[in-house]
2 protein chains.
Amino acid sequence: MAKKLTPRPTDSELEILRILWENGASTVKAVNEKLNEKKESGYTTTLKMLQIMYEKNLVVRDENERSHVYKAAIKQDEIQKVLLDKLLTTAFSGSAANLVMQALGNSQPSKEELKKIKELLNQIERDRK
Amino acid sequence: MAKKLTPRPTDSELEILRILWENGASTVKAVNEKLNEKKESGYTTTLKMLQIMYEKNLVVRDENERSHVYKAAIKQDEIQKVLLDKLLTTAFSGSAANLVMQALGNSQPSKEELKKIKELLNQIERDRK
DNA sequence: CATTAACTACGAAACTTTTCGTAAGAGTGT
DNA sequence: ACACTCTTACGAAAAGTTTCGTAGTTAATG
């Protein structure tokens, strides 16, 4: 049975994962074009990154076509959880409430978002009982 | 005028900053001892880290005593904001509400914490009007 | 005043991550 | 078959981070 260790993408890897989550399965060319919207980056650099990510099982690829098609191998949720946990322990000393309050304070949540958050809070309280 | 660029501590630097935030001004020895509670780390390694952090202005130091005394040069809040913003854009595509909900979902906020969060939400709504 | 202990400074090795150049294969058109 | 283009593979340079050994300084102690 293959071991399943927590994925810890580096910053660059995360950038690429975001493109794959947003755009779905993509060729190296497509990923590279997206990357280049933000910053200059050579084609083979992107290729190499994807190859490394493939070795690390961060992505899967379909080699049937001449241009391989890459796809994120992990869900965005999972990485969000991993990174959130890490931030929580390293920068917030484990206090989720502090983290949440900072996040709310620093952002401009819409009315709908506020509502959804409140509902979640109510639900947590209900479940608690 | 001195330039003020966003501090981006590395993981190890953040570990040391946490110790300084928690324990206040500390000698290399004290920091190293704290570090060693978690993992083996040579004295000169810690010293070097603090020296590098000093060059980067992540810490200040008092050289009056033979053992220099280091102190975090940035408030924990500031770093929290920087890292939260980064996480928000890189992993949550900018959706603070999603981040907040994940954080609430993954943690067990106490009754008091829930209350504080609700109050903050109410306040945001009030200010909105 | 020599020895030892507690420090700092600093270069450089070891590791990790990112970037890129070059080679080679495969398909297309002449 | 030849040249041209698009693509992958891969080694290795470049850049960034972490760890540590060694040398030198200061202060205290016999």
Side-chain angles (χ1 to χ4, degrees), chain A residues 5-20 25-71 74 79 82-83 86 90-91, chain B residues 5-20 25-71 74 79 82-83 86 90-91:
Chain A
L5 61 167
T6 321
R8 289 226 176 249
T10 66
D11 284 355
S12 308
E13 287 169 349
L14 190 53
E15 260 185 279
I16 289 179
L17 283 175
R18 282 181 61 215
I19 290 172
L20 294 177
S26 310
T27 60
V28 175
K29 194 178 172 210
V31 171
N32 187 239
E33 275 162 11
K34 277 285 168 190
L35 275 181
N36 274 284
E37 287 173 11
K38 297 245 164 185
K39 62 154 190 171
E40 197 59 13
S41 170
Y43 181 89
T44 56
T45 301
T46 304
L47 172 64
K48 181 68 164 185
M49 283 302 302
L50 282 164
Q51 285 169 346
I52 289 171
M53 292 169 77
Y54 177 67
E55 275 164 23
K56 292 189 188 173
N57 297 309
L58 288 174
V59 296
V60 292
R61 71 180 176 192
D62 177 352
E63 302 182 1
N64 287 323
E65 296 303 315
R66 185 147 121 68
S67 299
H68 298 175
V69 175
Y70 289 83
K71 207 166 62 172
I74 342 162
I79 298 289
V82 169
L83 296 180
K86 187 179 151 203
T90 61
Chain B
L5 59 168
T6 320
R8 290 224 175 251
T10 65
D11 284 355
S12 309
E13 287 169 349
L14 191 53
E15 258 184 281
I16 290 180
L17 283 175
R18 282 181 60 215
I19 290 172
L20 295 177
S26 310
T27 61
V28 175
K29 193 177 173 211
V31 171
N32 187 239
E33 273 162 12
K34 277 284 167 190
L35 275 181
N36 274 286
E37 287 174 10
K38 298 244 162 185
K39 61 154 191 171
E40 196 60 13
S41 169
Y43 181 89
T44 55
T45 302
T46 305
L47 172 64
K48 180 68 165 186
M49 282 302 302
L50 282 164
Q51 284 169 346
I52 290 170
M53 291 169 76
Y54 177 66
E55 276 164 21
K56 292 189 187 175
N57 298 307
L58 288 173
V59 296
V60 292
R61 70 181 178 193
D62 176 353
E63 303 182 1
N64 287 323
E65 296 303 316
R66 185 146 121 69
S67 299
H68 297 175
V69 175
Y70 289 82
K71 206 166 61 170
I74 343 163
I79 297 289
V82 169
L83 296 181
K86 187 178 150 201
T90 61

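Letters A, B, ... are given to chains in the order of the sequence lines, protein chains preceding strands, and every chain is numbered from 1.
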Item to complete: State, yes or no, whether a side-chain contact exists between A:Asp62 and A:Lys71 at a heavy-atom distance under 4.5 Å.
Response: no
Worksheet item: Do A:Glu13 and A:Lys56 meet the salt-bridge criterion of a basic N to acidic O distance under 4.0 Å?
Response: yes
Worksheet item: Does C:dT8 have OP1 or OP2 sitting under 4.0 Å from an N or O in the side chain of B:Tyr43?
Response: yes
Item to complete: Compare the minimum distances between each of C:dT18, D:dT18, D:dA9 and the side chain of B:Ile52, then state the nucleotide with the smallest one.
Response: D:dT18
Worksheet, complete the sentence: Result for side chain to side chain contact (heavy atoms under 4.5 Å, CB included) between A:Ile16 and one of A:Leu50, A:Asn32, A:Leu58 points to A:Leu50
Worksheet item: Of all the nucleotides listed (C:dT8, D:dT17, C:dT17), which has the minimum atom distance to the side chain of B:Lys56?
Response: D:dT17
Worksheet item: Quick one: does A:Glu15's side chain get under 4.5 Å of A:Met49's, heavy atoms only?
Response: no
Worksheet entry | Stepwise side chain to side chain contact (heavy atoms under 4.5 Å, CB included) test for A:Ser67 and A:Lys29 | CA-CA 9 Å; A:Ser67 299; A:Lys29 194 178 172 210; over 6 Å; no
Discussion item. Please report the distance, rounded to the nearest Å, between CD in A:Glu55 and C1' in C:dT16.
Written reply: 15 Å
Item to complete: Rounded to the nearest angstrom, tell me the gap between atom CG in A:Leu50 and atom P in D:dC10.
Response: 15 Å
Fill in: Heavy-atom pair of closest approach, residues B:Val28 and B:Tyr70
CG2-CE1, 3.7 Å
Practice prompt. Check the distance between C:dT16's P and A:Asp11's CG and give it to me in whole angstrom.
Written response: 17 Å
Worksheet item: Closest heavy-atom contact between B:Leu35 and B:Ser41?
Response: CD1-OG, 4.4 Å
Worksheet item: In whole Å, what is the span from the CD1 atom of A:Ile16 to the P atom of C:dT17?
Response: 14 Å
Worksheet item: Could you give the CG-to-C1' distance, from B:Leu14 to D:dT18, as a whole number of Å?
Response: 15 Å
Worksheet item: For D:dT18, does OP1 or OP2 lie under 4.0 Å from any side-chain N or O of B:Thr10?
Response: yes
Fill in: Nucleotide of D:dT18, C:dC7, C:dA12 approaching B:Met49 most closely (side-chain heavy atoms)
D:dT18
Discussion item. Would you say that A:Gln51 contacts A:Leu47 through its side chain, given a criterion of any heavy-atom pair below 4.5 Å between the two side chains?
Written reply: yes
Discussion item. Are there over 12 heavy-atom neighbours, none belonging to A:Glu63, within less than 6.0 Å of that residue's CD?
Written reply: yes
Worksheet item: What is the distance from CD of B:Glu15 to P of D:dT17, rounded to the nearest Å?
Response: 15 Å
Response to the item:
Nucleotide by nucleotide, nucleotides 22-30 of chain D touches protein heavy atoms under 4.0 Å in the pattern (B base, S sugar-phosphate only, - none) B---BS---
Worksheet item: Which part of the nucleic acid, if any, lies within reach of B:Arg61 when heavy atoms closer than 4.0 Å are counted: base, sugar-phosphate only, or nothing?
Response: sugar-phosphate
Worksheet entry | Ion pair check, B:Glu37 and B:Lys34, cut-off under 4.0 Å | yes
Worksheet item: Can you find a side chain N or O atom of B:Ser12 that sits less than 4.0 Å from OP1 or OP2 on D:dT18?
Response: yes
Worksheet item: Could you give the CG-to-C1' distance, from A:Leu47 to D:dT8, as a whole number of Å?
Response: 6 Å
Worksheet entry | Positions of residues 26-42 of chain A (non-hydrogen atom under 4.0 Å from DNA chain D), listed by number | A:Val28, A:Lys29
Fill in: 5'-most by nearest nucleotide on DNA chain D - B:Thr45 or A:Lys48
A:Lys48
Practice prompt. Give A:Gln51 one of three labels, base, sugar-phosphate or nothing, depending on what nucleic acid heavy atoms sit under 4.0 Å from its own.
Written response: base
